[in-house]
Amino acid sequence: MKTKTFASFILVIFTTISCKKTGMDNMNMAGQPVLVTEGNFTTPLAFPTITGANTTLTAQNVSSNINGFGIISSLGYSANGMLGPTIKINSGSSVNINLVNHLNEKTNIHWHGLKIPSNMDGHPENSIDAGGSFNYNFTVNQRAGMYWYHPHAEMLTGKQVFKGLAGLFIVNDTEENSLNLPSGNREIPLVIQDKRISLGSIPYSPTMMEVMTGLMGQYIFVNGVYAPYQNVETAKYRVRILNGSNARIYNLALSNGSPFTIIGNDGGLLASPHSVNNLIVAPGERVDLIIDFSTLSINSELYLISKTFNGGDAQGTQEFKLIKFKITNQVTDNFNIPASLSSINQLTEGMATISRNFDIQNSSMNMSGNAMTHTINNKSFDINRIDELINNGAIEIWTFDNTNGKEPHPMHLHGVQFQVLSRTGGRAALMSNESGWKDMVLCMPGEKVKIIIPFNSYSGKFLFHCHNLEHEDNGMMGQYKVN
């Protein structure tokens, strides 16, 4: 026992020295920003194909012709390149989607933002082996919104999403349809992702430092296109945005400084519109915007950009362009943004009967002394452990505490939608896109965020985790069970 104790002591001393040499003093690693390389914005924006509630998705190796890079090997759900088809359905529809796994490793699909049975949700224990298949069959009974789908196999989520496996899942309903929001070619869905490209492929081999900060790429892709442009008319457009990146946070703004209007977020429409000049969007979050091009002149150009922000050592240090809009046609636009968008029952703190606290500010060294892990309440993910037991029908308050943390953590809950109650420290306020229903909330360094959750759907086992996918794969995930 004494020999073992002495060996452990030596290991601690060695680890401490190593951490200080590599910038990990006090168990925090000072990440370095990965600067974005802008393209020339001369390639038209592309849009994934649209399919309905009954389809087959095949996870497979694909080749894509990427402007400026030639043929690039990646992953996809169809043979024609990165990103799967956009699935569009009406609320109340039954979904029947067959996933076929042509990869050489396990995979599955998590239907991000949907309230569906636990065995359909894409839990890692329900992964599909190479060569296998699985039929996802569920009914979508929730409000209109832009949700999405991506793999969620244990310790493979970051790799498979970064290499190209993701797609949009759009739900419509009568409340949204009654607003007559811009549609057709005036509704533009954008999936924003950063990628790395090397030797004709998208590599995924994060260093220890990149596991700590999250993997970020030098090249910004929108709908699978590097540095695209989109022609628009002098009208108001509905621009629906998913941050599909593994770790990179974007501070969205227009290059001319004009405001835009937020009408929706993760869980669909807000109660009323909010006009802002910029908006921070974390990995996994969605925002629904109205951008007004009506005052711009023909042949002028406008960029959607990401502005600088305070997001820890590795985030927000650079301003860069995401997509160019070219005004090509003068039209008369009669659309006015409604003053009231949706009916939302606001939850109050007094409705909750249980409060839970989650420490998300710490990382720890594993026993071998050669790797760091991200934790929730000082615990790394264990598929055999249930972290929280929930009574179905309960309303609970969960507090995510990143008060002393050095990295931002976008926290996501499976199987539910929630409302954000408060933020203390850091930005010290709720953001314009944090009203209404959410399935994600961003905790910047120094922040403590409180949410309220009605567990009023399905029983079973679900996940909660950081949606920085390297953090998730590195242990920052827990399980709750609804009885």
Side-chain angles (χ1 to χ4, degrees), residues 33-51 57-86 102-105 107 148-151 156-168 188-206 210 214-232 239-250 252 281 283 301 303-306 318 320-326 469-470:
V34 176
L35 298 181
V36 167
T37 301
E38 294 181 349
N40 53 22
F41 296 93
T42 58
T43 302
L45 182 67
F47 297 94
T49 58
I50 296 175
T51 188
L57 300 175
T58 302
Q60 60 191 293
N61 293 290
V62 299
S63 295
S64 308
N65 192 349
I66 305 297
N67 52 306
F69 299 98
I71 302 299
I72 300 298
S73 62
S74 61
L75 302 181
Y77 285 116
S78 54
N80 59 354
M82 287 184 291
L83 292 182
T86 296
H102 283 178
L103 306 178
N104 59 4
E105 60 191 14
T107 193
W148 66 300
Y149 60 94
H150 61 79
L156 291 171
T157 303
K159 173 187 175 182
Q160 293 182 2
V161 173
F162 196 76
K163 284 180 167 288
L165 290 180
L168 294 175
I188 304 176
L190 302 178
V191 180
I192 302 174
Q193 300 172 300
D194 56 343
K195 303 292 183 187
R196 295 185 180 187
I197 298 177
S198 177
L199 301 176
S201 68
I202 298 176
Y204 185 83
S205 54
E210 290 165 343
L215 187 67
M216 286 172 268
Q218 300 94 331
Y219 307 107
I220 303 298
F221 283 61
V222 181
N223 294 355
V225 181
Y226 174 54
Y229 76 88
Q230 173 69 17
N231 290 336
V232 295
V239 181
R240 310 179 73 172
I241 296 174
L242 160 67
N243 180 352
S245 298
N246 277 33
R248 191 182 289 275
I249 299 168
Y250 303 98
L252 302 178
V281 182
E301 298 176 347
Y303 288 90
L304 181 66
I305 65 174
S306 180
Q318 177 194 15
F320 51 87
K321 302 180 182 73
L322 301 167
I323 180 174
K324 179 170 70 175
F325 296 104
K326 297 171 63 175
L469 298 185
E470 282 67 49

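Heads up: numbering here begins at 1 and tracks the sequence.
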Quiz prompt | N/O donor-acceptor pair under 3.5 Å between R240 side chain and I188 backbone | solution = no
Practice problem: Could I get the full list of side chain to side chain contact (heavy atoms under 4.5 Å, CB included) partners for N231, not counting sequence neighbours? | Solution: Y229, K326, T328
Quiz item: Is there a donor-acceptor pair closer than 3.5 Å between any side-chain N or O of E470 and the backbone N or O of L215?
Solution: yes
Quiz prompt | Parallel, tilted or perpendicular: rings of F221 and Y226 (30°, 60°) | solution = tilted
Exercise. State, to 0.1 Å, how close S78 and L83 come at their nearest heavy-atom pair, and which atoms those are.
Key: OG-O, 4.3 Å
Practice problem: Could you tell me which non-hydrogen atom of S64 sits nearest to which non-hydrogen atom of M82, and how far apart they are? | Solution: OG-N, 3.5 Å
Exercise. From the options I72, V225, T43, I202, select the one residue that forms a side-chain contact (heavy atoms from CB on, under 4.5 Å) with I66.
Key: I72
Exercise. Could you go through the salt bridge (Lys or Arg N to Asp or Glu O under 4.0 Å) check for E301 and K321 one step at a time?
Key: CA-CA 12 Å; E301 298 176 347; K321 302 180 182 73; over 6 Å; no
Quiz item: Just how far is it from atom CZ of F41 to atom CD of Q230, taken to the nearest 0.5 Å?
Solution: 13.5 Å
Quiz item: If we only count heavy atoms from C-beta on, is the V281 to I192 side-chain gap below 4.5 Å?
Solution: no
Practice problem: Mind checking the CZ-CD1 spacing from F69 to I197? Nearest 0.5 Å is all I need. | Solution: 4.0 Å
Quiz prompt | CG/L35: more than 12 non-hydrogen atoms of other groups inside 6.0 Å | solution = yes
Quiz prompt | Interatomic distance, W148 atom CH2 to N243 atom CG [nearest 0.5 angstrom] | solution = 8.0 Å
Quiz item: Looking only at heavy atoms, which two atoms of P48 and T86 are closest? And how far apart?
Solution: CB-OG1, 3.9 Å
Practice problem: Evaluate the criterion side chain to side chain contact (heavy atoms under 4.5 Å, CB included) for residue pair V36 and D194; output intermediate values, then yes/no. | Solution: CA-CA 9 Å; V36 167; D194 56 343; 6.0 Å; no
Exercise. Kindly compute the distance separating CZ (R196) from OG (S201), expressed to the nearest 0.5 Å.
Key: 12.5 Å
Quiz item: Would you say H150 and T157 make side-chain contact, with heavy atoms under 4.5 Å?
Solution: yes
Quiz prompt | Pairwise side-chain contact, L190 with V239, heavy-atom cut-off 4.5 Å (strictly under) | solution = yes
Quiz item: Does N223 use its side chain to pair, donor to acceptor, with the backbone of P189 at less than 3.5 Å?
Solution: yes
Quiz item: Can you name the closest pair of heavy atoms from S245 and Y250 and give their distance?
Solution: OG-OH, 2.7 Å
Self-check item: Main-chain N/O of G158 paired to N246 side chain as donor or acceptor, under 3.5 Å
Solution: yes
Exercise. With rounding to the nearest 0.5 Å, note down the distance linking CG in L45 to CD1 in I323.
Key: 4.5 Å
Exercise. Please tell me if the side chains of L322 and L252 come closer than 4.5 Å, counting only heavy atoms from C-beta onward.
Key: yes
Quiz item: Any donor-acceptor pair under 3.5 Å linking the side chain of R248 with the backbone of V34?
Solution: yes
Practice problem: Look up atom NZ in K195 and atom NZ in K163, then write down how far apart they are to the nearest 0.5 Å. | Solution: 9.5 Å
Self-check item: Exam field: side chain S73 to backbone G200, donor-acceptor pair closer than 3.5 Å
Solution: yes
Exercise. Take the angle between the ring planes of Y77 and Y149 and call it parallel below 30°, perpendicular above 60°, tilted in between.
Key: tilted
Quiz item: Can you list the residues that meet the side chain to side chain contact (heavy atoms under 4.5 Å, CB included) rule with S63, with sequence neighbours excluded?
Solution: I71
Self-check item: Partner set under side chain to side chain contact (heavy atoms under 4.5 Å, CB included) for E105, not counting sequence neighbours
Solution: L103, L156, K159, Q160
Exercise. Would you indicate whether the side-chain heavy atoms of I249 and S306 approach each other to under 4.5 Å?
Key: no
Quiz item: Would you find a donor on one side and an acceptor on the other, under 3.5 Å apart, between the side chain of E38 and the backbone of F320?
Solution: no
Self-check item: N40 to A227 - nearest heavy-atom pair and separation
Solution: N-CB, 4.1 Å
